[in-house]
Amino acid sequence: VSPSTTNCAAHIDQGFLSLEPRANVRGLEVFSKRYNEWIMVDDDRHGIMEANDLILFCSETVHRLSGSKYTGALHRVGMSDKP
């Protein structure tokens with residue numbers, strides 16, 4: 001993904017867990033290993049997140065402490081079509 005299409009490059013958070021509310025503008029994408037593609041989780045067309053939902057990410061520490069049983073959530077923020 002080029003810098004012109006991404007606000008925040010793909011990464012796994014370094015903490016223990018990350019809790020993110022649904023944003024007012026869409027753009028949060030999580031990489032699905034199952035489907036080998038990026039999924040925009042806060043896009044109304046997909047019906048994944050509702051207005052007051054939160055998303056919980058496992059981070060790098062959980063990945064290491066669980067012996068890779070739980071993997072960190074690879075995610076990024078794409079450019080919004082709104083200013």
I want to check something: taking the side chain as every heavy atom from C-beta on, are [X] and [Y] in contact at a cut-off of under 4.5 Å?
{"X": "Ser68", "Y": "His63", "result": "yes"}
{"X": "Leu56", "Y": "Leu19", "result": "yes"}
{"X": "Leu65", "Y": "Phe16", "result": "yes"}
{"X": "Tyr70", "Y": "Cys58", "result": "yes"}
{"X": "Thr71", "Y": "Lys33", "result": "yes"}

For a quick test of reading the model, state the closest non-hydrogen atom pair linking [X] to [Y] and the distance between them.
{"X": "His11", "Y": "Ala9", "answer": "ND1-O, 2.9 Å"}
{"X": "Ile55", "Y": "Val41", "answer": "CD1-CG2, 4.2 Å"}
{"X": "Ser59", "Y": "Gln14", "answer": "CB-C, 4.4 Å"}

Parallel, tilted or perpendicular: which describes the rings of Phe57 and His75, with under 30° parallel and over 60° perpendicular?
parallel
Heavy-atom donor-acceptor pair, Ser32 side chain to Trp38 backbone, under 3.5 Å:
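Pair absent, no side-chain N/O of Ser32 close to backbone of Trp38.
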Single-linkage hydrophobic cluster Val77~Ile39, side-chain heavy atoms < 4.5 angstrom
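Yes, Val77 and Ile39 fall within the same hydrophobic cluster.
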Applying side chain to side chain contact (heavy atoms under 4.5 Å, CB included) to Leu74 and Val30, what does each step give before you reach the verdict?
CA-CA 6 Å; Leu74 182 63; Val30 176; over 6 Å; no
